[in-house]
Amino acid sequence: MLTLPFLREFPDAVRAGLKKRHMPTGLVDEVLAADEQRRKLQAEWDGLAAEVNDLSRRVGELLRSGNAAEAEALKEQVATRKATQAVLSARQQEVEARLDQGLLAIPNMPHASVPEGKTPEDNEVYRAWSGPLPVLPDGARPHWELAESLGIIDFPAGVKLTGSGFPVFRGKGARLQRALINFFLDEARAAGFEEIQPPLMVNADSARGTGQLPDKEGQMYYVEKDDLYLIPTAEVPVTNLFRDVILEEKDFPIRLTGYTPCFRREAGAYGKDVRGLNRVHQFDKVEIVVIEHPDRSYDTLMQMCEHVAGLLDKLELPYRILRLCGGDMGFTSALTFDFEVFSAAQQRWLEVSSVSNFETYQANRLKLRYRHPETKKTQLAHTLNGSALALARIVAALLENHQDDQGIRIPTALHRYTGFERID
RNA sequence: GGAGGAGUGGCAGAGUGGUUGAUUGCAACGGUCUUGAAAACCGUCGUAGGUGCGAGCCUACCGGGGGUUCGAAUCCCUCCUCCUCCGCCA
């Protein structure tokens with residue numbers, strides 16, 4: 001969330017940011033009003049607390065000198081102050097609830113370079129595909145048909161075991177997935193990322209830290225008995241490693257990567273756009289996360305994009321990079337680049353990666369700070385992350401784009417990981 | 001899952017109801033000394049909110065939450081985590 005000092009100092013900037021996202025701006029004044037009330041109540045309460053502390057000390061002194069009567073009189077004075085404090089606390093709780101709620105409802109401020117726009121159609125093509133789009137043989141098929149006829153993904157089996165959206169990968173399909181995971185992790189390690197194997201379930205504090213709660217509560221699977229959430233992305237556990245952490249400036253940048261399955265409820269999503277692997281409830285993903293100094297986070301964002309672009313090049317997939325417009329950008333992001341692979345068989349671009357700079361928005365919730373070497377003050381760090389890459393859709397794109405009359409050609413970069421060069 | 005013990009500042013470790021945000025040691029930082037370094041000595045050395053131009057002052061926080069009391073790190077309840085023993089187990 002935004003910090004209160006920022007909101008207080010630049011309310012117009014916040015309103016402008018909300019407008020760019022096509023969101024109402026009324027919240028700004030509500031939050032500012034609540035903030036002022038809260039501070040007033042706090043000051044009043046603090047004053048009373050100071051008096052109570054002082055009176056209590058004097059009660060102790062009086063009791064030790066045997067002056068019980070006077071002590072009793074002071075006790076009464078304490079009681080009246082505490083009664084007032086109780087009233088103030090109740091009001092403060094109410095005000096704070098409003099303040100928190102309002103603050104949580106304000107999204108991150110879009111970076112200056114974020115294009116104007118409301119819908120995905122308004123996203124800017126930041127880097128178009130320069131090469132030719134693949135020309136597929138006659139009778140080219142979408143991945144769900146290919147996968148079924150090659151026997152590498154069993155969708156009905158997943159329905160039997162669990163339900164819709166939980167595909168079963170078999171044989172070379174399973175091996176291809178494992179190969180991709182290892183390939184992505186090795187590439188990330190080569191680029192300086194430390195590999196993390198995090199828990200696949202997190203508590204509510206972690207879900208709040210990266211912004212899944214409260215905005216995306218319905219998106220996560222929840223284990224009620226233990227009050228835990230299945231992670232929708234490795235971003236949640238990996239970034240939360242740095243919740244309540246104060247770093248030194250020399251610690252930057254912190255580069256982490258992690259492979260995890262990801263669980264998403266995707267409630268209500270059915271139809272042609274979600275067929276096959278386009279949208280599933282469980283998929284595998286290698287995520288990259290960077291904790292960075294505010295001065296360098298945008299350079300780092302571009303580096304992360306180049307890393308993702310390099311992966312797609314090695315997989316020989318045609319892709320384009322979009323700069324998301326204000327209306328399409330995620331709630332917590334300041335600037336997001338989406339990577340889309342062209343699916344020749346479906347004749348559409350499929351999102352396979354999203355790389356974002358959250359600036360201090362997540363860090364504020366996480367209380368992730370660093371110490372300024374000169375002032376010794378703590379300041380919020382910047383957090384970034386991106387998919388590098390999301391498996392299921394990459395598999396879909398590989399199958400569709402690399403199909404020929406006989407079957408599927410595996411890109412050269414993967415051969416040492418798969419141990420086979422074709423799926424026929 | 002059952003029984004017992006414990007959770008204090010970066011670490012170690014005091015503190016069991018009254019100026020204790022907290023003794024002390026180590027680490028860290030600044031300084032004196034030194035050609036330089038070490039040692040020694042002096043000083044600084046948690047986070048956050050409020051207030052003041054400022055030195056500063058006020059408030060909260062001793063695993064989380066609640067309670068008792070004029071007053072809680074200290075007493076009570078509850079949850080969490082760790083350790084020991086038993087049970088179960090990939």
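Note on naming: letters A, B, ... go to the chains in the order of the sequence lines (proteins, then strands), and numbering restarts at 1 for each one. Just so it is clear, the values below take in all heavy atoms, side chains as well, and ignore hydrogens, waters and symmetry mates.
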Taken to the nearest whole Å, CG/N67(A) to P/rG18(B) is 20 Å

Indicate, with a heavy-atom threshold strictly under 4.0 Å, whether R81(A) touches base, sugar-phosphate, or nothing. nothing

Does a side-chain N-to-carboxylate-O contact under 4.0 Å join E61(A) and R57(A)? no

By nearest heavy atom, map R38(A) and G60(A) onto RNA chain B; which one lands nearer the 5' end? G60(A)

Under the 3.5 angstrom rule, does the side chain of T162(A) hit a backbone N or O of V159(A) as a donor-acceptor pair? no

K82(A) has its side chain closest, among rG49(B), rU69(B), rA60(B), to rU69(B)

Which of these nucleotides, rA48(B), rG50(B), rG49(B), is closest to any side-chain atom of D46(A)? rG49(B)

Ignoring the backbone of A50(A), work out which of rA48(B), rU59(B), rC70(B) is nearest its side chain. rU59(B)

Check every atom of rC70(B), rU59(B), rU47(B) against the side chain of R371(A) and return the nucleotide holding the closest atom. rU47(B)

Go through rU19(B), rC70(B), rG50(B) for me and flag the one nearest to the R39(A) side chain. rG50(B)

Flag if over 12 foreign heavy atoms under 6.0 Å of CZ, R141(A): yes

Out of rU19(B), rA60(B), rC70(B), whichever nucleotide has its closest atom nearest the side chain of R57(A): rU19(B)

